[in-house]
Amino acid sequence: SALLDVRDLVKTYGEGDAETRVLKGLDLSLETGELSALLGPSGSGKSTLLTILGTLMKPTSGQHIMLGQDLTTADDRNLTEFRNRHIGFVFQFHHLLPDFTALENVIFPSAVAAGRETRAARDRGRELLARVGLQDRTDFVATKLSGGQKQRVAIARALMNRPELVLADEPTGNLDRESATQVMELIAEINDNEQTTFLISTHDEKIAETCRRQVRVLDGRTASQSQS
Ligand code: ADP
Ligand code: ADP
């Protein structure tokens, strides 16, 4: 069955004369284990959609179901808990804490959620850094890492709480071609090995082609979907 299902999703910003309707009845389903690219021109609503799917913002109307739960009717406390347990985020700008080490950055969200830093979290953090090829950068502060390395730390951080779904908003947008390719290869490898579902927004067709499925957003709706 579907991991995620949104139906007739509408999102408007502003009111009255300033009202902009960004999503106009968008439908999307993601099956467990899918690796999908979310394509669309700048301003087409990709970030808006990812923000809603990440439960960071509610849609104006429409249905949003993930893991069988109706998230449009859930209250803020339940949404926060749901998000922490089931969803990981990767952004265009890595958003690492600059004076913290790679390991500290990876375990930070779980340490905040748990109220302390546990031995188990440090072990998992080290294992994840090894998985993204940064075992020799564990104790480097973030400012000493290259752009591609920082994004790999951000991917490790997104995986820390074993989310079913990882949402990535232009994760390669700030990287050169070589680092971008490496980051996409890493995502594909994690997707293969762990059945983690990824939805990756990009305006770059070459990046999108490296994903197994492409979802195009145009004029606030799902325009087309293809498989490669
Ligand atoms: P994309 O990620 O595809 O570039 P966005 O979701 O960022 O698209 O933006 C879609 C449209 O919504 C744009 O026209 C943008 O200006 C508008 N928009 C985004 N966020 C807000 C906001 N908080 N308030 C008003 N308009 C917004
Ligand atoms: P970003 O643009 O994401 O901050 P960059 O790859 O441009 O990342 O690197 C930022 C700075 O870090 C640059 O000044 C670069 O020279 C430096 N840098 C990159 N890799 C290393 C490294 N391994 N050790 C020390 N400094 C590095």
Side-chain angles (χ1 to χ4, degrees), residues 3-30 34-66 71-72 74 76 79-80 82-83 86-96 147 150-151 154-155 157-158 163 165-177 179-181 183-184 187 191 197-228:
L3 170 71
L4 178 139
D5 197 53
V6 293
R7 290 291 141 209
D8 208 17
L9 210 63
V10 172
K11 178 67 194 178
T12 54
Y13 291 113
E15 283 173 19
D17 288 347
E19 188 181 287
T20 330
R21 184 162 285 228
V22 175
L23 302 181
K24 304 174 184 173
L26 182 139
D27 299 327
L28 178 67
S29 271
L30 299 178
E34 269 188 320
L35 171 54
S36 303
L38 182 65
L39 271 158
S42 183
S44 59
K46 301 184 296 297
S47 291
T48 298
L49 177 61
L50 291 179
T51 307
I52 292 170
L53 298 183
T55 75
L56 296 164
M57 179 170 72
K58 290 222 177 181
T60 304
S61 64
Q63 197 179 45
H64 178 194
I65 290 173
M66 184 173 156
L71 299 177
T72 36
D76 286 349
L79 282 183
T80 303
F82 186 92
R83 187 187 314 128
H86 302 299
I87 305 175
F89 295 92
V90 180
F91 304 97
Q92 175 170 0
F93 303 100
H94 47 79
H95 292 300
L96 299 186
K150 283 180 208 156
Q151 204 55 306
I155 290 168
R157 179 182 55 187
L165 176 65
V166 173
L167 301 168
D169 199 352
E170 296 271 2
T172 61
N174 197 37
L175 301 178
D176 57 55
R177 177 63 61 189
S179 304
T181 305
V183 161
M184 292 309 294
I187 287 174
N191 169 260
T197 307
F198 283 87
L199 182 62
I200 300 166
S201 82
T202 180
H203 57 262
D204 185 327
E205 297 280 345
K206 283 217 172 66
I207 291 293
E209 276 169 21
T210 70
C211 297
R212 265 163 230 119
R213 179 185 177 212
Q214 295 80 31
V215 177
R216 272 164 218 278
V217 178
L218 194 66
D219 196 29
R221 292 187 182 82
T222 317
S224 71
Q225 305 191 27
S226 52
Q227 216 92 26
S228 65

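Because the structure is predicted, anything quoted here is derived from the model rather than measured. Counting convention: from 1, in listed order, for ligands and their atoms alike.
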Who passes side-chain hydrogen bond (donor to acceptor under 3.5 Å, both in side chains) against Asp176, sequence neighbours left out? Ser179
Hydrogens and angles aside, do Ser29 and Arg7 bring a side-chain donor and acceptor to less than 3.5 Å of each other? yes
Considering the options Val22, Leu26, Thr60, Leu23, which one meets the side-chain contact (heavy atoms from CB on, under 4.5 Å) requirement together with Val10? Thr60
Measure the CD1-CD1 distance between Ile187 and Ile200 for me, rounded to the nearest 0.5 Å. 4.0 Å
First-shell residues of ligand 1 [heavy atom, distance under 4.0 Å]: Tyr13, Val22, Pro41, Ser42, Gly43, Ser44, Gly45, Lys46, Ser47, Thr48
Could you report the tightest heavy-atom contact between Ala158 and Val166, atom names first, then the distance? CB-CG1, 4.4 Å
Quick one: OG1 on Thr210 to CG on Asp204, what's the gap to the nearest 0.5 Å? 9.0 Å
